[in-house]
Structure formats: C-alpha cells, structure tokens
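Here is the structure we will look at, set down as structure tokens.
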Amino acid sequence: SQQGEEDPQALSIQEGENATMNCSYKTSINNLQWYRQNSGRGLVHLILIRSNEREKHSGRLRVTLDTSKKSSSLLITASRAADTASYFCATDTGRRALTFGSGTRLQVQP
Amino acid sequence: DTAVSQTPKYLVTQMGNDKSIKCEQNLGHDTMYWYKQDSKKFLKIMFSYNNKELIINETVPNRFSPKSPDKAHLNLHINSLELGDSAVYFCASSPATGYQETQYFGPGTRLLVL
C-alpha cells in the first residue's frame with residue numbers, strides 16, 4: 001500500500017466554494033509537500049510543511065499537519081475554475097526521495 | 001526560460017525497441033530524479049542522481065538505465081520496451097538531498113508501447 005493516500009479520490013464543487021483534500025501516510029516524516037498537476041502537465045509545488053509545524057498558509061491555501069494521526073489536509077478557499085487539477089501529497093521520510101500518493105482530482109464548476 | 005525540460009514529449013514505439021528520453025535542468029540543482037506515473041496517476045520514484053552519482057535505484061528492471069553526463073542532465077534509456085512500460089515519465093530536480101527541498105518537475109514524456 002502507498003505511503004501517501006489522498007482522500008477523496010475525486011471532488012467536484014462550484015466556483016466560490018471551499019475544497020478540502022486529505023492525505024494520510026504511514027511512516028514518520030521530515031516534511032510533507034502538496035503539489036498540483038494540471039491535465040497533461042508536470043507537477044507544480046504548492047506548499048511544504050515541516051514535521052514540527054501544525055499549520056501553514058499561502059494565499060488561498062491552508063495546510064494542516066497532524067503527526068499523531070499521520071495526516072494532512074489541504075484547504076483551497078474561494079475556489080476558481082482555474083483550480084481544476086489533480087492534487088498530490090508527498091512525504092519526505094529521509095530516503096532522499098519523495099513518496100507520492102495517487103492524488104485527488106478536483107473539478108471546479110464555473 | 002524552461003526550468004526542467006524533457007524530450008520528446010510524446011513517444012510511440014513498438015515492443016522490443018530501445019528508446020531514450022532526455023532531461024535537462026537550468027536551475028543549477030544538484031539532484032535529479034526520474035518518476036513514472038501510471039494510468040491510475042500514481043507517481044513512483046525510479047532513480048535519483050546527486051552530482052552525477054546514483055543515489056536511488058528503486059527496484060527498476062535492468063532494462064532501464066539512467067545516465068548523467070553532467071549535473072544538469074539526466075537521461076533515461078530503456079531497452080527492449082514492454083507493454084507495461086507505457087506511462088508518463090517525469091524528470092525532476094531539487095537543490096539538495098537530505099532534507100528534501102521542493103522538487104521542480106518537467107512536463108513529462110508520454111510513452112506508449114504498442
């Protein structure tokens with residue numbers, strides 16, 4: 001099974017609504033990162049949260065990290081059609097490589 | 001001003017052929033990676049190089065051979081292609097190993113083996 005697993009697998013909302021995606025992982029981490037992938041494109045880094053941080057903000061993004069539950073959430077506020085993409089969490093477990101989940105596909109309806 | 005570039009973008013080939021994918025980064029990063037993204041969108045690390053030295057080889061068949069002529073380039077050669085090799089291959093780079101800084105991804109190479 002995967003180190004990082006996102007939930008839900010797919011999410012469809014209306015423009016202006018908030019979108020929340022969750023990520024669970026299995027082993028202890030140094031940091032957790034969220035990436036976005038637009039259809040047919042490469043991944044783009046959104047935000048990094050270190051294991052000693054609990055919450056981080058960047059523009060309309062809010063990330064939380066609960067190391068006791070081995071979970072993280074990504075909240076996108078006031079979503080826009082341009083936010084339509086797949087969102088991946090990735091964990092750094094000290095193996096010198098990130099471990100990615102299979103992503104949440106977000107569809108924002110205009 | 002492309003940061004991480006890959007060629008080709010699309011690759012359609014027959015089973016048994018040998019093919020190469022090239023990757024270049026102009027970010028001055030020390031570490032480069034190859035990932036494979038399957039049809040279910042799951043992204044898996046294949047190789048990692050730091051300053052031309054192999055760091056990670058994640059149980060990838062011997063048919064896959066990475067080559068790093070300098071720290072700005074990491075190419076992937078695949079021998080005797082199989083149907084199961086069909087996927088999107090992403091190259092990425094990061095400024096350092098150890099604490100795993102942000103990774104910068106290329107646009108991907110879509111490989112279809114017929």
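A, B, ... follow the sequence lines: proteins, then strands. Residue 1 opens every chain. Remember, predicted model here, so these are calculated numbers, not experimental data.
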Test of understanding: clusters of I, L, V, M, F, W, Y form through side-chain heavy atoms closer than 4.5 Å, transitively. Do B:Met46 and B:Leu83 belong to the same one? yes

Smallest separation among heavy atoms of A:Leu43 and B:Phe105, with atom names: O-CB, 3.3 Å

Check whether [X] gets within reach of chain A through its side chain, its backbone, both or neither, counting any heavy atom under 4.5 Å.
X	result
B:Gln37	side chain
B:Ile45	side chain
B:Lys41	both

Here's a test for you: under ring pair (Phe, Tyr, Trp, His ring centres under 6.0 Å), which of A:Phe88, A:Phe100, A:Tyr87 qualifies with A:Tyr35? A:Phe100

Tell me, for A:Gln37 versus chain B, whether the close heavy atoms (under 4.5 Å) come from the side chain, the backbone, both or neither. side chain

Ignoring hydrogens and geometry beyond distance, is a side-chain donor-acceptor pair present between B:Asn17 and B:Thr13 at under 3.5 Å? yes

